[in-house]
Amino acid sequence: VQLQASGGGLVQAGGSLRLSCAASTRIFSIMGWYRQVPGKQRELVASIPPNGRPNYANSVKGRFTISRDNAKSTLYLQMNSLEPEDTAVYYCNVRTPPNTNYWGKGTQVTVSS
């Protein structure tokens, strides 16, 4: 599985960005977005099963919305009310049973104050 993320950039605090992640094949498992800042562990932002309820980190609840288009094998992350603390490299992830992870290259999101 190859994943290509796009949509990152520089935005002012309070602004919005939409990330996209295109998969090279149909995905029938959990997809998610993670983020990482230098010196810290990669953390889960949000995940979504093929047909089910999404899961969000507490820090982004109410501001970010994850969605997926299974027919297009594409994952999205709509990020609103961005804060400087959201600055990170965002990675697309696919997790297939029993425990295999696929990662995209990441896209930089920078939020200025």
Side-chain angles (χ1 to χ4, degrees):
V1 178
Q2 293 183 333
L3 303 170
Q4 182 65 50
S6 61
L10 173 64
V11 64
Q12 288 189 331
S16 299
L17 284 174
R18 189 192 194 206
L19 305 183
S20 299
C21 175
S24 59
T25 185
R26 293 289 297 271
I27 304 298
F28 300 99
S29 54
I30 294 173
M31 301 183 76
W33 290 98
Y34 289 70
R35 66 187 182 188
Q36 188 171 23
V37 298
K40 292 190 175 182
Q41 285 190 329
R42 194 170 295 186
E43 64 174 6
L44 174 68
V45 176
S47 62
I48 184 169
N51 293 289
R53 297 178 66 179
N55 175 57
Y56 295 96
N58 287 334
S59 59
V60 306
K61 281 182 180 177
R63 301 188 298 121
F64 291 10
T65 302
I66 189 171
S67 61
R68 62 191 288 171
D69 185 331
N70 292 326
K72 295 182 179 180
S73 300
T74 303
L75 179 71
Y76 304 98
L77 185 69
Q78 178 65 44
M79 305 185 292
N80 299 328
S81 302
L82 282 161
E83 303 169 353
E85 293 73 23
D86 296 317
T87 296
V89 178
Y90 284 69
Y91 296 90
C92 177
N93 169 267
V94 169
R95 188 165 75 241
T96 61
N99 197 25
T100 300
N101 283 287
Y102 298 91
W103 297 96
K105 284 189 176 181
T107 184
Q108 176 71 45
V109 172
T110 302
V111 185
S112 63
S113 56

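Counting only residues at least two apart or on different chains, the disulfide (SG to SG under 2.5 Å) pairs with a member in residues 56-98 are C21-C92.
Taking each heavy atom of G106 and V89 in turn, the nearest pair found is CA-CG1, 3.9 Å. Annotation for P97 and S29: closest pair CD-CB, 4.4 Å, computed over non-hydrogen atoms.
At a threshold of 4.5 Å between non-hydrogen side-chain atoms, the residues P50 and R68 count as touching. T87 is listed as a side-chain neighbour of Q108, based on a closest heavy-atom distance under 4.5 Å. Proximity of S59 to R35: side-chain heavy atoms (C-beta onward) are separated by under 4.5 Å at one or more points. Counting only heavy atoms from C-beta outward, the side chains of D69 and Y76 approach each other to under 4.5 Å.
Judged by distance alone, the side chains of N55 and R53 never bring a donor and an acceptor atom under 3.5 Å apart.
Note: R63 CZ to S16 OG = 10.5 Å, rounded to the nearest 0.5 Å. One finds the CD atom of Q12 at 9.5 Å from the OG atom of S113 (value rounded to the nearest 0.5 Å). Here the straight-line distance linking atom OG1 of T96 with atom CD1 of I30 works out to 10.5 Å at 0.5 Å rounding. If you take CG on N101 and OH on Y91, they are separated by 14.0 Å, rounding to the nearest 0.5 Å.
Heavy atoms from other residues, nucleotides or ligands lying under 6.0 Å from CD of Q4 number 12 at most. For Q2, the CD atom is loosely surrounded, since the number of other residues' heavy atoms within 6.0 Å does not exceed 12.
For the pair R26 (side chain) and S73 (backbone), a donor-acceptor distance under 3.5 Å is absent.
Residue I48 is found in a hydrophobic cluster whose other members, listed by chain and number, are V1, L3, V11, L17, L19, I27, M31, W33, V45, Y56, V60, F64, I66, L75, L77, M79, L82, Y90, V94, Y102, V109, V111; membership requires side-chain heavy atoms under 4.5 Å apart, directly or through intermediates.
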